[in-house]
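A short write-up of the structure that comes next.
Quick note on labels: first sequence line is chain A, next is B, and so on, each numbered from 1.
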Amino acid sequence: MSGGRCSIVWLRRDLRVEDNPALAAGVRAGAIVAVFIWAPEEEGLYYPGRVSRWWLKHSLAHLDAFLRTLGTSLVTKRSNDSISSLLEVVKSTGATQLFFNHLYDPISLVRDQRAKEVLTAQGVAVRSFNADLLYEPWEVHDGEGRPFTTFAAFWDRCLSMSYDPEAPLLPPKRIISADVSRCPSDTLVFEDESEKGSNALLARAWSPGWSNADKALTTFINGPLIEYSKNRRKADSATTSFLSPHLHFGEVSVRKVFHLVRMKQVLWANEGNKAGEESVNLFLGSIGLREYSRYMSFNHPQSHERPLLGHLKYFPWVVDESYFKIWRQGRTGYPLVDAGMRELWATGWLHDRIRVVVSSFFVKVLLLPWRWGMKYFWDTLLDADLESDALGWQYISGTLPDGRELDRIDNPQFEGYKFDPNGEYVRRWLPELARLPTEWIHHPWNAPESVLQAAGIELGSNYPLPIVEIDAAKARLQEALSQMWQHEAASRAAIENEMEEGLGDSSEYAPIAFPEDTQMETDHEPVRNNPVNTVTRRYEDQMVPSMTSSLVRVDDEETSVGLRNSAADDSRAEVPTNINVNVTEEPREPHGHDVMQTVRTINTFPQFNFAMGPRDSEDSTAESSSSSKRERDGGVVPVWSPSSSNYSEQFTGEDNGIGTSSSYLQRHPQSHQLVNWRRLSQTG
DNA sequence: AGCCACTTCTG
DNA sequence: AGAAGTGGC
């Protein structure tokens, strides 16, 4: 129990005891100090949102309680520099080893590599592990050792690797605690007073914590999984796995998910249950996308802020904050979009299909910069996940070679009848439309006046007219795209000229700044409590898939009403007058950290290069991937090196957005040129 | 066989 | 949105 020769187990987004390789290694090595460091400022722009912090708080409490039954407890530190905190823990406990599990977001990649260097230099033996993925990103590549750039190829490879993902580890039976008497915990504060009321209702629907995650997994696999393929297209079906927040915080191991699901697959295959097999494949596909998001983040660490196919750099975004606000508040006039945005706003949850609907509406119809939307998702989603969300937004923005086509606009009206054929979802979230017959529920603007009247709807008054008509949106998008191609061509020509003259690339990526946080924060939805035709429901009645209630700010009616006057002169806003009070309050934006920071970061972001070195190698020289090597426990780890490596070429091309040797774009000329050619031939 | 309408899929 | 597939006649 005394100091010395103990190990630090640094827990981050791996808040579980089962199948936690870092924890297992620590326990195997003797006494441990389990540490969680809360240093959200390190995340820059991506300071976790309110609901995400709520989850984390409960997940940590849950983990701590369990660790206590095993013989230790969780040491918590409040910090703005994780590495200094680690050094402190080393000093106060005499630890000689550090174990942690890999993360793949760009900030962690850099920080963890530095942690490794700094701690190693202090004589601490550092080892890191794969706990988040079936295969490490550097294990999966094509025949030439290059990373895949399309999902299908990536996932095929994953499913046909010569070795299976590691079998899950059992939880330790007992843990020997190191002496932490001189290493006091800090009290971590995850929510401020104003957030408590909003958070109170979350606990009715969700149970954070690793053992609850395990239960959720079991429930899903023994229940809804078999119906997954049938039900996945319903907007409000309660048959998704609901595992994503658990997975985000590593409360459950994907490897365990994978193995359990595979067992079902074998079972159903033997029974000849085609639907079951199909369901498994689809579900595994969504696990695969999560894997792929880490893979992409690792191989392209800037993919959360830069489009992977560089042409989008020239897209003339409509930088219109009032559009942004209308989208957030669910007042676009398209019922499916609005219902989704109200649900997100009220519950922090959205079915995957609806995420695609609202985000593609955001990009393709409103022409708003995708990173704003991504940031809003980050701030409001319970399962906000940088890698997954970046992949998702790039997918719908048309910047992946295998994503949605750039010029495709999905019509929310048709999608409405596809995902919500009976209008139940819309009626749940847009009570002002509740009395509209299904025939018109997804396109009220076409409904005869008599029908609208009977339903108590006055378009433009208590429910908005479409913010942009779809035909107009199509025209605007075409125009924007042809502008984009022209700029791109001009820029390409300019760069070629400069190259000839021996000048470097001068085109800097100029990201669009986020709206000021303060603006977003004071941006409360005005409530016009029009009693006429209001479907009065108490927030308790609100039904969400698996969520009975919403993130309602119960204490806020006064505030909202108080804002009524100031909102009245917002001429553009067609505010629904009889919307349910419980969804009228926009969630607070996260802490007022410096949003502009990202913008600066973009330009100062280090060039990432990942060389695959031998284990914990001192020499960070670039070395080609160790393809056939299969090592897990700290075996093959990414070594961050400022020098060039085989992976570096992947990014350097992207910096100017126009492929040089082997940039992403260059490897997918068809997706670029095809569209480009088509566009130009139509417009020119 | 050949045509059309309808469904489903597309990360 | 558009391709590809299915099934009816």
Length of the line joining [X]:[atom1] and [N]:[atom2], which is rounded to integer Å:
X      : N      : atom1 : atom2 : answer
A/R404 : B/dT10 : CZ    : P     : 11 Å
A/N281 : B/dT10 : CG    : P     : 11 Å
A/D156 : B/dT10 : CG    : C1'   : 15 Å
A/F361 : C/dA1  : CZ    : C1'   : 17 Å
A/K418 : B/dC6  : NZ    : C1'   : 14 Å
A/E387 : B/dG11 : CD    : P     : 21 Å
A/I287 : B/dG11 : CD1   : C1'   : 15 Å
A/D410 : C/dG2  : CG    : C1'   : 11 Å

Taking only Lys NZ, Arg NE, NH1 and NH2, and the carboxylate oxygens of Asp or Glu, determine whether A/D383 and A/R355 approach each other closer than 4.0 Å. yes

Test: A/D407 and A/K364 ion pair at under 4.0 Å: no

Flag side-chain contact, heavy atom, 4.5 Å: A/W349 against A/E343: yes

Check: A/V257 and A/I287 side chains under 4.5 Å, non-hydrogen atoms: yes

Identify whether any heavy atom of [X] sits under 4.0 Å from a base atom; if not, whether one sits that close to sugar-phosphate; answer base, sugar-phosphate or nothing.
X      : value
A/I396 : nothing
A/G392 : base
A/K474 : sugar-phosphate

Ring-base stacking, A/Y395 with B/dG11 (5.5 Å, 30° cut-offs): yes

